Amino acid sequence: MINKKSDGFTLIEMLVVIAIIATIAAFALPAITGALTRGQLTQAVSNARQVHLATFSMATDGTQTGDAKYGWPGDLAASADANIQVTTVSQFVQRLVDNDYLKPGDLKVFAASGITPWNGTYNPPADTNTPGTLNPTFNGTTNCAFKIYKVKDSHAADAIFLATKNFSKTGNASTAISATAAPFGDKGFVIFHKGGDGTYYKKQQATSNLLGTVPGQTDPAANEANDSYLTQQ
């Protein structure tokens, strides 16, 4: 009697194949996840560069024209004139859009992983002393991945201009990277300086004295305070 050979896999063969695939996936997943995170961090650096370019253009125009409404965040925040003063992220973004340094469609550059991109409509200002209308209002807490530091024209190039919100400058020895804070937790963070340079760092680099200085302070080990950056609103 001739036994007919089966064309299919036996149960044992299938289990072996599944085990091999699972092993390969287990080794590949960290590499895939790491590559995805690096891509997101790289995009955040690119976005920070766009925000810096818009701010630099506004500050340069302010210097050239003498118009105090155009300036770095710290100079705007320090103004006693209500028509000039900017103390929140929302007000700062509004200033950039109202004066055409960013288009409403550009506001996605403030978003990142875990941060809701702003998506709405915009009505231009009726006059130079009245802000336009972003509907819904741009919210620094939910629509912005960055802390915007109060950099002034007088500050050095290494002053921190932007940092992702999972970063807090608490000195060289204990710079805090929040494991749970958006946008990247403890997977990495972005720093961008007033001078126009920026990059992303791994959490192990959080104690580096090369991260830059808190605006207005010359000691690299200085702690940031809540008033070191614009209010997240």
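These numbers come from a predicted model, not from an experiment. Residue indices begin at 1 and follow the sequence shown.
Between S113 and F184, some side-chain heavy-atom pair lies under the 4.5 Å cut-off. R38 places a side-chain heavy atom less than 4.5 Å from the side chain of Y200. Side-chain contact between L107 and N119: absent, with no pair of heavy atoms (C-beta onward) separated by less than 4.5 Å. For the pair K165 and F146, the minimum side-chain heavy-atom distance is 4.5 Å or more. The shortest side-chain heavy-atom distance between V190 and L162 does not fall under the 4.5 Å cut-off. Within the 4.5 Å cutoff, the side chain of F92 has no heavy atoms near those of the V97 side chain. Counting heavy atoms from C-beta outward, N223 and V214 have side chains that stay 4.5 Å or more apart. At least one side-chain heavy atom of F110 sits less than 4.5 Å from a side-chain heavy atom of L102.
Although no hydrogens or angles enter the test, the distance criterion places a donor-acceptor pair under 3.5 Å between the side chain of S79 and the main chain of D81. Using a distance-only test at 3.5 Å, with no hydrogens or angles considered, no donor-acceptor pair links the side chain of T130 to the main chain of P125. When atom types are taken as modelled, the side chain of Q233 and the backbone of G140 share no donor-acceptor pair closer than 3.5 angstrom. The main-chain N or O of A179 is never found under 3.5 Å from a side-chain atom of D186 such that the two would form a donor-acceptor pair. In this structure a side-chain-to-backbone donor-acceptor pair under 3.5 Å is present from Q94 to G132. A distance-only check finds a donor-acceptor pair linking the side chain of N166 to the backbone of G188 [under 3.5 Å]. Panel note: side chain Q91, backbone T87; a donor-acceptor pair is recorded below 3.5 Å. Checked by atom type and distance alone, the side chain of N139 pairs as donor or acceptor with a backbone atom of T141 at under 3.5 Å. A distance-only check finds a donor-acceptor pair linking the side chain of R95 to the backbone of I84 [under 3.5 Å]. In terms of modelled atom types and a separation under 3.5 Å, the side chain of H52 and the main chain of K194 share a donor-acceptor contact.
With hydrophobic clusters built from ILVMFWY side chains whose heavy atoms lie under 4.5 angstrom apart, I115 does not share a cluster with F192. Grouping the Ile, Leu, Val, Met, Phe, Trp and Tyr side chains by contacts below 4.5 angstrom, directly or via other members, places V109 with V151.
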Q) Checking side chain to side chain donor-acceptor pair (under 3.5 Å) for the pair Y101/D106: CA distance, chi angles, key distance, verdict? A) CA-CA 10 Å; Y101 294 102; D106 295 332; over 6 Å; no
Q. Is there a side chain to side chain contact (heavy atoms under 4.5 Å, CB included) between Y149 and E224 once you walk through the steps?
A. CA-CA 10 Å; Y149 288 80; E224 71 178 42; 2.5 Å; yes
**Q.** side chain to side chain contact (heavy atoms under 4.5 Å, CB included) evaluation trace for D153 with W72
**A.** CA-CA 6 Å; D153 185 59; W72 291 98; 3.8 Å; yes
Q: Please report the C-alpha distance between K147 and S168 in whole Å, then the side-chain angles of each, then the deciding distance to 0.1 Å, and finally whether the side chain to side chain contact (heavy atoms under 4.5 Å, CB included) criterion is met.
A: CA-CA 9 Å; K147 290 193 289 187; S168 293; 3.6 Å; yes
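Outside the 6.0 Å centre-distance limit, the rings of Y201 and F167 are not counted as a close aromatic pair. Aromatic ring centroids of H193 and F161 lie 6.0 Å or more apart.
In the model, T60 has no side-chain atom that pairs as donor or acceptor with a side-chain atom of Q64 under 3.5 Å. Side chains of T133 and N135: no donor on one and acceptor on the other come within 3.5 Å. Checked by atom type, the side-chain pair Q43/N47 shows a donor-acceptor distance below 3.5 Å.
When all heavy atoms of G114 and A182 are compared, the closest pair comes out as O-CB, 4.2 Å. The minimum heavy-atom distance linking L96 with M58 is given by the pair CD2-CE, 3.6 Å. Nearest approach of G120 to P136, heavy atoms of both residues: CA-CD, 3.9 Å. Contact detail for P215 and A159: the closest heavy-atom pair is CA-CB, 4.3 Å. Of all heavy-atom pairs between L230 and A77, the closest is CD2-CB, 4.4 Å. Residues Q217 and T213 come closest through the heavy atom pair O-CB, 3.2 Å.
The cationic atom of K108 (NZ for Lys, CZ for Arg) does not lie both less than 6.0 Å from the six-membered ring centre of W118 and within 45° of the ring axis.
No more than 12 heavy atoms of other residues, nucleotides or ligands lie within 6.0 Å of CZ in F56, so this atom counts as exposed by the packing criterion.
Note: Q205 CD to I191 CD1 = 11.0 Å, rounded to the nearest 0.5 Å. The structure places OG of S90 at 9.0 Å from CG of N143, a figure rounded to the nearest 0.5 Å. Within the model, atoms CG of D98 and NZ of K69 stand 10.5 Å from one another, a figure rounded to the nearest 0.5 Å. Note that OG1 of T164 is 7.5 Å distant from CG of L41, once rounded to the nearest 0.5 Å.
With respect to the salt-bridge test (charged N to carboxylate O, under 4.0 angstrom), the residues D75 and K152 do not qualify.
Legend: residues meeting side chain to side chain contact (heavy atoms under 4.5 Å, CB included) with T65, ordered by chain and number and at least two apart, are D67, Y70.
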